[in-house]
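Computed from heavy atoms alone, side chains included, the values below leave out hydrogens, waters and symmetry copies. Letters go in sequence order (proteins before strands), and every chain restarts at 1.
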There are 2 protein chains.
Amino acid sequence: MDNELAELLGKYKLSKTEPRLKVLSILRSRESAISQPELENLIGGEIDRVTLYRTLTKFDEKGIIHKVLDLNGTANYALCNSSCSEDTHNDEHVHFNCTTCLNMYCLEALQIPHLVMPVNFVPHNVNFIVYGVCEKCTLKANKYIESKNKT
Amino acid sequence: MDNELAELLGKYKLSKTEPRLKVLSILRSRESAISQPELENLIGGEIDRVTLYRTLTKFDEKGIIHKVLDLNGTANYALCNSSCSEDTHNDEHVHFNCTTCLNMYCLEALQIPHLVMPVNFVPHNVNFIVYGVCEKCTLKANKYIESKNKT
DNA sequence: TTAAAAATTGCAACATAGTTGCAATTTACT
DNA sequence: AGTAAATTGCAACTATGTTGCAATTTTTAA
Ligand SMILES: [Mn+2]
Ligand SMILES: [Mn+2]
Ligand SMILES: [Zn+2]
Ligand SMILES: [Zn+2]
């Protein structure tokens, strides 16, 4: 068991359980967000679907992770690396959803621009998603085109 | 049968059928977007669920309507009032999803700001959703507070 | 106007994401 | 160690969306 992750759970006053540590370790190992179905593929044999849902929901509430819906409306999750808490989420960055590999990227460098709402429309939080082709898939496609041109 | 709507279908080279006219007339009558489930409640007795899905998908492809996912990941649809076509959608406006009444509003006055993507991330389209409390629900809440203060 | 071709519909069955209640187990607390 | 509190796993369920196919409707063209 990973001590660093156990401490993270402690910091948020959550009991240290196997499912939670497992989920955290997977989330930490990824550079892009991950969906419940993907997680289920990875650890579905060891951990119940429902536990997965409840774990992710709790993490989201506590501000350990944040949730983004992909182009199919499926929930994807990524660790909050900024300092988020139960009260305030600091995840106002743009997300990039690749239409080829379906990966969801947190573009932490891109802050969501602030907009003035119409009168009496009171905003709580915002969501900026860009759909397109990600770096990996773009480079893969470029390589393919190059190889075709050579022949 | 509404002639204006029949003409709209003609313009997009779609055959004039009852389900399509019905869906269009509902969409036209609304000031905010509507979800498939809501539509099903309204006309589920007359039109099959599957037909509804296929109608909405086709309209979306043709550029008659556009689709926005709400906070539950459910698809909502609204008429495109800008001139959209199969090739180019001109719906780059902000959407507002009320967390109280769940209504999805097209804020056509608010254009989505343009952002520069990281190298090799190729954007195709963008999605800017603001979650919060809409005009109607805000005013309702204000009235309630006023009435409490009077007593 | 009528007949054939093409498109659309309705039905049944299925797929996937997510939820709820409850008893059994695990974790935290003293 | 013993108890209270939290979490887990199971079963059953709900909701949104999809697919194949035969029957019906709409379009096209004679
Ligand atoms: Mn993110
Ligand atoms: Mn809109
Ligand atoms: Zn990709
Ligand atoms: Zn509202």
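Within 4.0 Å (heavy atoms only), A/Arg49 reaches at least one base atom of the nucleic acid. Within the 4.0 angstrom heavy-atom criterion, only backbone atoms of the sugar-phosphate kind lie near B/Lys58; the bases stay farther away. Within the nucleic acid shown, A/Glu40 has no heavy atom closer than 4.0 Å to any nucleic acid atom.
As a whole-Å value, the separation of B/Phe59 CZ from C/dT8 C1' is 12 Å. Distance CD1 (B/Ile47) to P (C/dC11): 12 Å, rounded to an integer number of Å. Distance, A/Asp70 CG to D/dT16 P: 17 Å, rounded to whole Å. The interatomic distance linking B/Lys16 (NZ) with D/dT28 (C1') rounds to 13 Å, in whole Å. Atom P of nucleotide C/dG10 and atom CG of B/Leu52 are separated by 10 Å, given to the nearest angstrom. The distance between atom CG of A/Leu71 and atom C1' of D/dG17, rounded to the nearest whole Å, is 14 Å. Separating the CG atom of A/Asn72 from the C1' atom of C/dA15 is a distance of 13 Å, rounded to the nearest angstrom. One interatomic measurement links the two molecules: CD of A/Glu46 to C1' of D/dT8, which rounds to 14 Å at whole-angstrom precision.
When the nucleotides D/dT16, C/dG18, C/dC11 are ranked by their closest atom to the side chain of B/Asp48, C/dC11 comes out on top. Among the nucleotides C/dG18, D/dG17, D/dC21, the one closest to the side chain of B/Tyr53 is D/dG17. The side chain of A/Val50 approaches C/dT19 more closely than any other nucleotide in the set D/dT16, D/dT26, C/dT19. Distances were taken from every side-chain heavy atom of A/Ser15 (C-beta onward) to each of D/dT8, D/dT7, C/dT9; the shortest belongs to D/dT7. Considering only side-chain atoms of B/Ala75, the nucleotide from D/dG17, D/dC21, D/dT7 that sits closest is D/dG17. Listed nucleotides: C/dT9, C/dT27, D/dG9. Nearest to the side chain of B/Arg20: C/dT9. Distance from the side chain of B/Gln36 is smallest for D/dG17 among the nucleotides C/dA17, D/dG17, D/dT8.
Within the 4.0 Å cut-off from OP1 or OP2 of C/dT8, not a single side-chain nitrogen or oxygen of B/Thr17 is found.
More than 12 non-hydrogen atoms from other residues, nucleotides or ligands lie less than 6.0 angstrom from NE2 of A/His124.
Here the closest heavy-atom approach between residue B/Asp60 and residue B/Ile65 is recorded as OD1-O, 3.3 Å.
A/Asn76 places no side-chain N or O within donor-acceptor distance of the main-chain N or O of A/Met104, the cut-off being under 3.5 Å. No donor-acceptor distance shorter than 3.5 angstrom exists from the side chain of B/Ser35 to the backbone of B/Ala75, with no hydrogens or angles considered. Judged by distance alone, with hydrogens and angles left aside, the side-chain atoms of B/Asn72 form no donor-acceptor pair with the main-chain N or O of B/Thr74 at under 3.5 Å. Between the side chain of A/Arg20 and the main chain of A/Ser15, a donor-acceptor pair closer than 3.5 Å is present.
With DNA chain C read from its 5' end, the first of the two nearest nucleotides for A/Glu18 and A/Thr74 is the one closest to A/Thr74. Between A/Lys13 and B/Gly73, the residue anchored nearer the 5' end of DNA chain D, judged by the nucleotide with its closest heavy atom, is A/Lys13.
In the interface, the side chain of A/Arg54 is not paired with the base of C/dG18 through any donor and acceptor atom under 3.5 Å apart.
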